[in-house]
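No experiment lies behind these values; they were computed from the predicted model shown. A note on names: the letters A, B, ... follow the listed sequences, proteins ahead of strands, and every chain is numbered from 1.
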Number of protein chains: 2
Amino acid sequence: MNQDLRVVKTKRTLQTAFIQLLQEKTLDKITVSELCRSSGITRRTFYLHYQNVTKYVEEIIESLLNELEQSMRRTTDYRLTTNGRLDPRMIYLFEHVYNNKEFYHIIFSRNSSFAYYEMFYKRIKVLVRNSMETMDFIDEINDFEVSYQANAILGIIMEWYYGGFEKSIDEMNHILMSVLKRYRVF
Amino acid sequence: MNQDLRVVKTKRTLQTAFIQLLQEKTLDKITVSELCRSSGITRRTFYLHYQNVTKYVEEIIESLLNELEQSMRRTTDYRLTTNGRLDPRMIYLFEHVYNNKEFYHIIFSRNSSFAYYEMFYKRIKVLVRNSMETMDFIDEINDFEVSYQANAILGIIMEWYYGGFEKSIDEMNHILMSVLKRYRVF
DNA sequence: CAAGTTATTATACATATGTATAATATAACC
DNA sequence: GGTTATATTATACATATGTATAATAACTTG
């Protein structure tokens, strides 16, 4: 029992119009009315699916982060030796961010909802926690330590964003690794 | 040449109404119209001073952070010996957050603008940078390292927020110190 | 393919936003 | 204290939001 074809079509045209509008203007200037005008659906239809623009974007960010999780899971095989408190495959994160700049850009935009950042933060926390769990020399995982590490990584990505994502993925990898080494995180 | 008395009065009544409304409902439910109804000023007057509710709140957060900076500057005398990469007086931060919970709450709320978090982040970055500058064994300050440390601290505060600020200031001090010690940040 | 289900539309309404103009009230200043 | 400067108001307008109802169209299922 799949989703109704009409719904699929509606969401598809909505997505196309949204991506299009995002290239013309910043997210905070995109209204429900305009989004519906562009995609040729009624506002009523939009509200039957989403509460507002923010909730709509949350769904987009959600699938972006699902994709991130998938691509990080895939890299498990290639993962470096984990001889410390933070799993070095965390660096594969930079790859996904760089390849999806335009969406991660939304998360860090001044006019965006904090909800997007929170979603990102919570995902990274899960990754950090999972990573710590695989390290047998850690007796007990401290929630605050997880938050500390997770948000620290987001700090580096945020700085990358402020610099217009000019640094390459490799440079970012190197930067993170050198900071982690300095603090003997692993 | 001080500010016009009329302006002062307008902003004062606005502030009173805002604080009042904040106790009745969450920030995202507070509209310009309602804020003006409550404070007895015209919407036109509001728009002569601020672009929208978010910009208005930004001004409030701005002065909150100014106050934070002041109170941290005052603690310079009492500061602990800085024998490492991060100034331990950073812990006085918790005091200000706890004593102004209701405002810091705004910063971390899902429906808030990311602008508030950004403001907080940038202030903490300045503190971290200043702190690193006083440590003579640091040859050159790395921007990404500053972002890493600054946001890491925000991660701990955010976790405190998610726990409803239940932990005491002293507990938070202890938590931060033990994490910093583990990573030999100082 | 027909019957039943449900997504979408047309239309409307109360309220909110952001901007504009002219009139009025209030503060600043000499 | 009277004049000048300007903050505030009253009113209005085009557009946006979120919700509601009944009618229509499109899809699903047997």
>> Quiz question: going by heavy-atom distance under 3.5 Å, is there a donor-acceptor pair between the base of D:dA20 and the side chain of A:Arg44?
In response: yes
> Over how many whole Å does the gap from B:Arg12 atom CZ to D:dT8 atom P extend?
Replying inline: 12 Å
> With hydrophobic residues grouped by side-chain heavy-atom distances under 4.5 Å, do A:Tyr116 and A:Tyr162 end up in a single group?
Replying inline: yes
>> Taking the six-membered ring of B:Tyr98 as reference, does the cationic atom of B:Lys101 (NZ for Lys, CZ for Arg) lie under 6.0 Å from its centre and within 45° of its axis?
In response: yes
> Taking the six-membered ring for Trp, are B:Phe120 and B:Tyr104 ring centroids under 6.0 Å apart?
Replying inline: yes
>> Using a strict heavy-atom distance below 4.0 Å, which residues from residues 22-42 of chain A are in contact with DNA chain C?
In response: A:Gly40, A:Ile41, A:Thr42
> Taking the six-membered ring for Trp, is the centroid-to-centroid distance between A:Trp160 and B:Phe144 below 6.0 Å?
Replying inline: no
> Taking OH from B:Tyr50 and P from D:dA7, how many angstroms apart are they, rounded to a whole number?
Replying inline: 13 Å
> How close or far is atom P of C:dA16 from atom CZ of B:Phe46, stated in whole angstroms?
Replying inline: 14 Å
>> Testing the basics here: between A:Lys167 and A:Glu171, what is the closest heavy-atom pair and its distance to 0.1 Å?
In response: CA-OE1, 3.4 Å
> Whole Å only: how far is the NE2 atom of B:His49 from the P atom of D:dT6?
Replying inline: 14 Å
> Is there a donor and acceptor pair closer than 3.5 Å between the side chain of B:Arg6 and the base of C:dA27?
Replying inline: no
> Rounded to the Å, how far apart are A:Gln3 CD and C:dT6 C1'?
Replying inline: 12 Å
>> Closest-nucleotide mapping onto DNA chain C: is B:Gln51 or B:Leu5 further toward the 5' terminus? I mean the 5' end.
In response: B:Gln51
> What do you reckon, are the aromatic ring centroids of B:Tyr183 and A:Tyr183 less than 6.0 Å apart?
Replying inline: no
